Every structure is written in structure tokens, then in C-alpha cells.
Amino acid sequence: MNLSMMIELNNLSRENAKNFTKKRFIFDQIAADIQSRGKHFTGITGPRGSGKTILLKQLNSVYDKSFYISLDTFEGDLFEIFQKLHQDL
């Protein structure tokens, strides 16, 4: 997957998050953790349909320096993508 496509999918996830105004109970905890620790990666695990994707998209829409990557459509080396995103963005 090329970088421009990943940027487009990230932008679409930010737009999609606007459709979901209700925040999960853990949203504030994760947001506080992001603010207190600075830059890092956040991953969420849980059963299907529990709201993981929406939660990550909502967090992505709140933080300008965040980037949403869905591993469902991802192909390639994740480490390379992180390096390229860090350099280009």
C-alpha cells in the first residue's frame, strides 16, 4: 500500500469519526494517557463489535499528530511504514 493511499484512508477515518458522537468510557482514560506520556502508539484489543475501531478513529480525529492504520487492509512492513510516515509527515 502506498503512502498517499494510507493518508487518504487516515483522512477518511477522521471524517468517519464525526458520525459517532458517543464516546466509550475508556476514551477519556486513553486521551489522558496520550497527553501525559506524549508520542507513542496506542493499540486496542477486544471482541468483535465492542467499538475498538470507532474509539481509535475518534482518538485520531482529536489529535492532529495521530495516524489511523487499519491492519485489515494493510500489506507490507509495518516498521517501514512508520519510518516513512515519520519522515514525510
Side-chain angles (χ1 to χ4, degrees):
M1 182 177 296
N2 66 33
L3 187 59
S4 62
M5 181 183 290
M6 291 185 75
I7 291 170
E8 179 62 27
L9 290 173
N10 178 63
N11 293 336
L12 288 173
S13 80
R14 288 177 189 262
E15 287 297 315
N16 182 252
K18 294 176 184 176
N19 296 327
F20 301 93
T21 56
K22 181 180 177 185
K23 303 275 194 289
R24 298 275 182 207
F25 71 95
I26 199 166
F27 180 90
D28 291 330
Q29 291 174 315
I30 295 172
D33 190 43
I34 290 170
Q35 290 175 351
S36 68
R37 294 185 185 198
K39 297 179 183 178
H40 66 284
F41 296 97
T42 301
I44 310 265
T45 62
R48 289 181 72 170
S50 62
K52 302 176 301 288
T53 300
I54 299 304
L55 177 61
L56 288 172
K57 287 180 178 183
Q58 288 173 330
L59 288 165
N60 183 41
S61 70
V62 172
Y63 296 100
D64 292 336
K65 292 188 176 186
S66 67
F67 198 89
Y68 175 80
I69 298 174
S70 172
L71 296 182
D72 291 336
T73 59
F74 181 78
E75 294 177 4
D77 185 347
L78 196 55
F79 185 71
E80 278 182 32
I81 294 299
F82 289 145
Q83 285 181 320
K84 191 164 182 69
L85 287 170
H86 181 69
Q87 291 171 357
D88 293 350
L89 301 177

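All values below come from the heavy atoms of this structure, side chains included, with hydrogens, waters and symmetry mates left out. Note that this is a predicted model, so its numbers are computed, not measured.
Here the closest heavy-atom approach between residue Ile81 and residue Met6 is recorded as CG2-CE, 3.4 Å. The two residues Pro47 and Lys52 have their closest heavy-atom pair at O-NZ, 2.8 Å. Here the closest heavy-atom approach between residue Arg14 and residue Asn60 is recorded as NH1-O, 2.8 Å. Of all the heavy atoms in Lys57 and Ala17, the pair that sits closest is O-CB, 3.4 Å. Of all heavy-atom pairs spanning Gln35 and Tyr63, the tightest one is NE2-OH, 3.4 Å.
For Phe82, the ring pair (Phe, Tyr, Trp, His ring centres under 6.0 Å) criterion is met by Phe41, not counting sequence neighbours.
Within the 4.5 Å cutoff, the side chain of Ile34 has heavy atoms near those of the Ile30 side chain. Side-chain contact between Leu9 and Tyr68 is absent, with no heavy atoms from C-beta onward closer than 4.5 Å. Contact annotation: the side chain of Leu78 approaches that of Leu71 to within less than 4.5 Å [non-hydrogen atoms, C-beta and beyond]. Looking only at side-chain heavy atoms (C-beta outward), Ile54 and Asn19 stay at 4.5 Å or farther from each other.
Taking OG from Ser61 and CG from Asn10, the interatomic distance works out to 10.5 Å, rounded to the nearest 0.5 Å. Distance check, rounded to the nearest 0.5 Å: CG of Leu59 to CG of Asp33 gives 10.5 Å.
Without hydrogens or angle criteria, Ser50 side chain to Gly46 main chain gives no donor-acceptor distance under 3.5 Å.
Residues Phe20 and Ile44 do not share a hydrophobic cluster, clusters being chains of Ile/Leu/Val/Met/Phe/Trp/Tyr side chains in contact below 4.5 Å.
For residues 17-29, the set of pairs meeting the salt bridge (Lys or Arg N to Asp or Glu O under 4.0 Å) definition, not counting sequence neighbours, comprises Glu15-Lys18.
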